Amino acid sequence: MSAGPAKNPSVVTRFAPSPTGFLHIGGARTALFNWLFARHNGGQFQLRIEDTDRVRSTKEAIDAIIDGMRWLGLDWDGDITYQFERAPRHTEVAEELLKAGKAYKCFATAEELEAMRAEQRAKKQPQRYDGRWRDRDPSEAPAGAPYVVRLKADQEGETTLHDLVQGDVTVKNAELDDMILLRSDGTPTYMLAVVVDDHDMGVNHVIRGDDHLNNTFRQLGIIRAMNWDAPQYAHIPLIHGADGAKLSKRHGALGVEAYRDDFGYLPEAICNYLLRLGWGHGDDEIITREQAIEWFDLTSVGRSPSRFDFKKLENINGHYIREADDQRLTDLVKPRVEKTLEHALSSSEQALLLQAMPFLKSRAKNLNELAENSLFLFEKRPLKLEEKAAKQLENTSGSLLAILRKTLGDLPAWDSESLEKALHDVAEQADLKMGKVAQPLRAALTGRTVSPGIFDVMILLGQDESLARLDDQLSLSPTHS
RNA sequence: GACCCCAUCGUCUAGCGGUCUAGGACAUCGCCCUUUCACGGCGAAAACACGGGUUCGAUUCCCGUUGGGGUCGCCA
């Protein structure tokens with residue numbers, strides 16, 4: 001039954017995106033892992049919007065993130081926390097640290113610091129704040145001069161992080177400089193805010209991108225200064241583009257809504273793909289949400305970055321399309337078809353789409369292909385033939401089409417059995433292989449060389465429409481005119 | 001430049017000292033099924049980065065090299 005790793009209902013995870021853009025694919029995976037870990041343990045999964053950057057944070061981005069989370073089925077517990085609203089609390093902690101002598105005021109100007117860094121760069125020294133105000137008294141500063149509050153970080157010893165994914169990572173405390181807690185305008189920085197929020201929200205498992213690994217040591221400094229318990233950390237490797245470099249737009253660094261709207265992927269396919277990127281469960285490839293919840297654990301998360309592979313995503317998406325409910329697919333494909341057709345589908349056309357879905361869905365890897373492949377059902381006569389289809393008909397004798405037209409026209413019953421027999425008879429009489437008969441017929445009926453089975457096509461189209469489309473081609477046939 | 005992380009087929013991965021003549025999946029290439037295209041089935045090709053150790057024995061442990069990545073903001 002419960003084959004998965006041991007459960008711990010006290011687990012609290014969170015996803016904390018900054019709303020400066022859409023929910024990108026890497027963020028989606030981080031959210032998924034946090035969600036899975038919480039659900040597996042029967043714990044809590046929280047959503048926190050890190051909107052402390054007032055200039056770059058937008059309402060649109062917040063909506064896009066929430067929309068993306070919902071689409072992927074990643075539901076969170078409780079209300080969304082907006083970090084900016086908690087600024088007073090962050091400031092309070094900074095003041096407390098200041099009072100306890102664990103933080104201090106630094107009056108160095110931005111220009112001064114830039115000069116310091118430039119010098120360090122020139123001397124090929126590590127770039128970090130040199131602690132010039134660490135032991136000076138504020139009275140040494142010009143009256144009323146602006147200042148930032150910095151953490152008085154430990155200079156001696158080293159810190160070892162027991163990361164749930166990366167293992168033990170040790171960094172010398174001397175490597176870390178005194179980070180800014182409060183900006184000169186009094187607003188809290190990200191470093192302070194995350195630590196305080198995670199603590200106050202009871203977050204005990206921080207699962208985030210590898211790019212935060214170095215930050216963790218700084219954050220640990222604040223936690224130590226406050227005498228708080230540190231959460232467990234799990235730094236998951238980043239997703240790279242197909243070329244191994246940082247995920248660029250061209251290589252998939254798009255918002256999840258692009259995967260939904262532009263590429264036509266199903267959320268379950270995205271989740272399955274993302275789950276397998278960096279995490280594995282033996283040889284399992286297709287993993288249901290229930291299995292994922294049951295099996296997910298942090299110890300099986302890989303330590304190396306993985307490359308984003310559209311081909312594999314397409315394959316998985318194709319699998320889920322084949323599995324998906326016909327009505328659901330019809331609803332998803334309808335707007336795409338309507339966009340191409342430039343008019344709304346009538347209720348009978350929608351019914352036809354639904355009826356065709358079982359034959360369409362095994363041939364598509366995404367919803368765009370699905371829509372594209374269904375177009376022949378709705379196109380108005382006379383059909384515009386694809387180049388290959390036109391060529392196919394050119395190479396077909398008009399007499400064969402005429403025989404087909406007559407045979408099919410005389411058919412009293414329009415079901416697959418009758419149609420199959422009719423076509424076989426025609427092929428036999430003309431001494432042709434089935435393909436030589438079916439292909440031109442397909443070209444005439446769909447305008448393409450690729451379609452669902454020819455009998456299915458005829459049934460979907462109906463006898464009248466099928467014959468009419470055949471007539472269209474017959475009237476154009478040189479041997480007939 | 002400093003610090004940190006990573007390293008199995010083209011890609012995602014299984015492997016947790018002997019079971020490995022290294023398994024699966026995607027992609028690729030054959031064949032089969034077949035009215036086309038898919039689906040499905042069968043098969044092929046394809047990897048332990050390199051060099052040192054440790055060990056009776058390393059893909060698995062340690063060190064180094066190389067190669068990738070991340071971080072060094074009054075951004076998050």
Side-chain angles (χ1 to χ4, degrees), chain A residues 16-20 50-53 55-57 83 106 108-110 113-114 117 120-129 146-150 161 163 166-167 169-172 175-177 179-185 187 189-191 193-194 209-215 217-218 235 237-238 240 242 244-246 273 276-286 302-316 318-319 322 359-365 369 373 392 420 423-424 427 433-439 441-443 446 448-455 457:
Chain A
S18 56
T20 52
E50 310 221 316
D51 53 353
T52 52
D53 186 334
V55 192
R56 295 196 299 150
S57 296
Q83 193 161 60
C106 167
T109 62
L113 293 175
E114 186 36 55
R117 277 191 284 268
Q120 290 169 339
R121 250 195 313 274
K123 288 184 182 169
K124 305 212 167 186
Q125 287 173 341
Q127 291 174 49
R128 58 176 81 112
Y129 175 66
Y147 62 88
V148 298
V149 174
R150 288 181 185 271
L161 166 68
D163 194 274
Q166 303 293 343
V169 182
T170 301
V171 168
K172 291 185 184 63
E175 297 288 341
L176 274 28
D177 60 6
M179 76 185 124
I180 295 176
L181 266 19
L182 250 34
R183 302 185 185 96
S184 53
D185 64 0
T187 58
T189 60
Y190 160 81
M191 288 290 180
V194 237
D210 221 355
D211 49 342
H212 286 287
L213 186 58
N214 290 289
N215 286 338
F217 293 91
R218 298 167 170 281
H235 288 93
L238 266 22
H240 288 172
K246 197 169 180 173
Y273 176 71
R276 283 290 290 104
L277 213 51
W279 180 86
H281 185 266
D283 286 341
D284 295 304
E285 295 289 346
I286 297 297
R303 284 133 313 230
S304 56
S306 43
R307 301 183 183 200
F308 197 85
D309 183 6
F310 273 104
K311 284 281 175 53
K312 187 146 187 174
L313 210 203
E314 285 262 309
N315 176 275
I316 291 177
H319 169 88
R322 269 171 260 134
F359 313 107
L360 257 19
K361 66 182 182 183
S362 73
R363 285 159 232 270
K365 295 203 186 306
E369 284 181 13
N373 294 344
Q392 189 120 50
E420 200 166 341
L423 238 60
H424 270 111
K433 280 181 154 179
M434 260 299 273
K436 293 289 179 193
V437 177
Q439 268 312 95
L441 185 56
R442 184 190 316 283
T446 68
R448 304 155 197 245
T449 54
V450 173
S451 83
I454 193 66
F455 306 121
V457 166

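Remember, predicted model here, so these are calculated numbers, not experimental data. A note on names: the letters A, B, ... follow the listed sequences, proteins ahead of strands, and every chain is numbered from 1.
Within 4.0 Å (heavy atoms only), A:K312 reaches at least one base atom of the nucleic acid. If you check every strand for non-hydrogen atoms under 4.0 Å, A:E285 touches a base. Here A:R276 lies in heavy-atom contact (under 4.0 Å) with a base. Among the atoms of the strands shown, base atoms are found under 4.0 Å from some heavy atom of A:F455. Across all strands, A:A108 comes closer than 4.0 Å to base atoms (heavy-atom distances). Nucleic acid contact for A:R117: sugar-phosphate only, since backbone atoms but no base atoms lie under 4.0 Å from a heavy atom of the residue. Contact annotation for A:G453: base contact, defined as any heavy-atom pair under 4.0 Å involving a base atom. Here A:L213 lies in heavy-atom contact (under 4.0 Å) with sugar-phosphate atoms only. Looking at heavy-atom distances under 4.0 Å, A:L238 makes contact with sugar-phosphate atoms alone, never a base. Across all strands, A:K365 comes closer than 4.0 Å only to sugar-phosphate atoms, never to a base (heavy-atom distances).
Of the side-chain N and O atoms in A:R121, none sit less than 4.0 angstrom from OP1 or OP2 of B:rC72. Phosphate proximity of B:rU71 to A:N215: absent, as no side-chain N or O sits under 4.0 Å from OP1 or OP2. Of the side-chain N and O atoms in A:S304, none sit less than 4.0 angstrom from OP1 or OP2 of B:rG69. A sub-4.0 Å separation between OP1 or OP2 of B:rA76 and a side-chain N or O of A:T52 is present.
Ring centroid separation for the pair A:Y273 and A:F308 comes in under the 6.0 Å cut-off.
Without hydrogens or angle criteria, A:T189 side chain to A:I180 main chain gives a donor-acceptor distance under 3.5 Å.
Nucleotides B:rU66 and B:rA47 are separated by 26 Å at their P atoms, to the nearest Å.
Between the side chain of A:R303 and the base of B:rC5, no donor-acceptor pair under 3.5 Å is found.
Pairing partner, B:rA7: B:rU66, with both Watson-Crick or wobble hydrogen-bond distances short of 3.5 Å.
With rounding to whole Å, A:R363 atom CZ is found 15 Å from B:rU34 atom P.
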